[in-house]
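A quick write-up on the structure given underneath.
Model, not experiment: these values are computed from the prediction. All chains are named by letter (A, B, ...) in the order of the sequence lines, taking the proteins before the strands, and each is independently numbered beginning at 1.
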Amino acid sequence: MTRIASERIAPLNDRAVKPRDYVLYWMQQSQRPAWNDALDFAAERANKLRQPLLVAFGLTDDYPDANARHYRFMLQGLRETQAALETRGIRMVVQRGSPERVALDLARHASLVVCDRGYLRHQRQWRDAVADGAGVQVVEVEADAVVPVEVASDKLESAARTLRPKIERQLDRFLVKPRAVSLRKDSLHLQPPGIDLGDVDAALASLKIDRTVPPSPLFTGGPLQAEKLLRRFITRKLPRYDAHRNQPQTDDVSYMSMYLHFGQISPVRVALAVRGAEAGDNSAAFLEELIVRRELAFNFVWHCPQYDTFDCLPAWAKATLQQHQRDKRPHRYSPAQLDAAATHDPYWNAAMNEMKHTGYMHNHMRMYWGKKILEWSRTPQQAYAAALALNNRYFLDGRDPASYANVAWLFGMHDRPWPQRPIFGTVRSMTASGLKRKCDIEAYVAKVNRLTASLTTHPAGTSRS
DNA sequence: ATCGGCTCGCGCAA
DNA sequence: TGCGCGAAGCCGAT
């Protein structure tokens, strides 16, 4: 029987399993062929029902806030996942259309539908629509959190410190390596129509999507690349992680966030690998971010319906920011000026350029970057919208629960009050002098300048790896 | 270089 | 009810 923790598995409707043509795994979040509990669960059910397993992904042109940068990274991963599943005798089809329509269409011939999990508004709506519209049982399997959100906590947590002990006491149960499931029945004879991903750029060109942001010239999507970067992180960077995680001039970060965002790597796999490296405080510091902070973000978007607006903030933060709404702003920039990285602040401009040209920004600079948007916008509400829009537009890991929590943190979420300052009130501020004091910020600026210069010389498309 | 003060609310001990 | 303390804060005093 299954070794998947029962709390990962939840029927979304009370319909029966029916004797039809295949078990359908509607893959939408967990876009990977291994360390995928949703896939494994579907495979086990298919074996038990003596049916083939069909995997399907719904590729919509209208994914909220997505552009060519996100789509290419995702298609690179889907192509690889499709090929990997085929070698195991599993047909995976990528169909053009709104995900819930694609799933419902293929569900008409399915005995059972298995899906993975997403916490954002639209992801929940898609799953509700499939649970409602499918004529058979729909079962959701959580494969992208270490501790399923409602197991960790039944309420909106106010800070990491309140969630941390709840997560930690569940780790033994949920940090386990899955057992590979082999399929009794091949499904390669199933030939539903689908997009040919053989040429990712051709597939990309066929989509009607926002192309105003080009693909990242630096980062390649896919589970194999995620594994490669994970191994590189553990051998070369983890030994300095604790000391360097707030040092943006270094490269001692994992780059896992974008792969986690697209489900191209399992957080359980990453956690076990890092824990197994036995790097002491370094492992602990990384696991805090990977598990506690990331799953605090899941808790946030799950329990707070207004997760993408100023209204989600705790009462003290909203009150203090509103009290300082009329404070004089010595510097004021419009969203367009921010987007152009054309401010008076060379540190901020460097961060904006890193984000814009690579699809990534060092963690420490994300805080400074966002705090300055609050300081330089006409109102905190406008700052909130501007920070979130830029975040979701340029980051490969944008549009993730972690993005919404990170932006909210800039405005006081999951934080505590600090001394009164103009504009910020008691919300934590950050300053250029702080950057100078704590890290080699000039080296960071130089690093970004080198990077953007080399990317201009060797433009997009010639990605590394 | 290091330290204290600033400031609020949660959770736990009493 | 009181108390300690918290994602990476800042600033001025020593």
- Salt bridge between A:Arg8 and A:Asp37, side-chain N to carboxylate O under 4.0 Å? yes
Please determine whether a side-chain nitrogen of the Lys or Arg among A:Lys237 and A:Asp251 lies less than 4.0 Å from a carboxylate oxygen of the Asp or Glu. yes
(Q) Categorize A:Glu288 for me: base, sugar-phosphate, or nothing, with a 4.0 angstrom heavy-atom threshold over every strand shown. (A) nothing
In whole angstroms, the gap separating P of C:dA8 from NZ of A:Lys371 amounts to 11 Å
Discussion item. Taking the six-membered ring of A:Trp35 as reference, does the cationic atom of A:Arg269 (NZ for Lys, CZ for Arg) lie under 6.0 Å from its centre and within 45° of its axis?
Written reply: yes
Exercise. Got a sec: does the CZ of A:Arg275 have more than 12 other heavy atoms crowding it under 6.0 Å?
Worked result: no
- Task: Look at all strands and tell whether A:Arg366 reaches a base, only sugar-phosphate, or nothing, counting heavy atoms closer than 4.0 Å.
- Result: nothing
In whole angstroms, the gap separating P of B:dT7 from CD of A:Gln323 amounts to 13 Å
Taking a pair to mean Watson-Crick or G-U wobble geometry with both distances below 3.5 Å, C:dG12 pairs with B:dC3
Here's one to test your reading of the geometry: is the NZ or CZ of A:Arg399 within 45 degrees of the ring axis of A:Tyr404 and under 6.0 Å from its centre?
no
Roughly how far apart, to the nearest Å, are C:dC5 and B:dC3 at atom P? 16 Å
In Watson-Crick or G-U wobble terms, with both distances under 3.5 Å, the base opposite C:dC5 is B:dG9
Would you say A:Arg421 places a side-chain N or O within less than 4.0 Å of OP1 or OP2 belonging to C:dC11? yes
| Between C:dA7 and B:dC12, how far is it from one C1' atom to the other, in whole Å? | 22 Å
From the list A:Asn391, A:Leu388, A:Asn392, A:Asp210, side chain to side chain contact (heavy atoms under 4.5 Å, CB included) partner of A:Asp65 resolves to A:Asn392
- Give a yes/no answer on whether the side chain of A:Thr431 brings an N or O atom under 4.0 Å of OP1 or OP2 in C:dC10. yes
Taken to the nearest whole Å, CG/A:Leu435 to P/C:dC11 is 12 Å
From CZ of A:Arg416 across to P of B:dT7 the rounded distance in Å is 12 Å
Rounded to whole Å, the CD-C1' distance (A:Gln420 to B:dC8) equals 12 Å
* Any side-chain heavy-atom pair of A:Leu171 and A:Val146 under 4.5 Å -> yes
Atom CH2 of A:Trp409 and atom P of C:dA7 are separated, to the nearest Å, by 11 Å
Side-chain contact check for A:Thr426: nearest option of B:dT7, C:dC11, C:dA8 is B:dT7
Quick test: give all pairs of protein nitrogen or oxygen and nucleotides 9-12 of chain B nitrogen or oxygen below 3.5 Å, distance rounded to 0.1 Å.
from	atom 1	to	atom 2	distance (Å)
B:dG9	N2	A:Arg161	NH2	2.9
B:dC10	O2	A:Arg161	NH2	3.1
B:dG11	OP1	A:Lys155	NZ	3.0

Open item on the list: Distance to the ring centre below 6.0 angstrom and angle to the axis at most 45 degrees; does that hold for A:Arg117 and A:Trp26?
Closed with: no
Distance between P atoms of B:dT7 and C:dT1 (Å, rounded):
24 Å
A:Asn363 has its side chain closest, among C:dA8, C:dA7, C:dC11, to C:dA8
Which of C:dC11, C:dA8, C:dA7 is nearest the side chain of A:Arg293? It is C:dA7
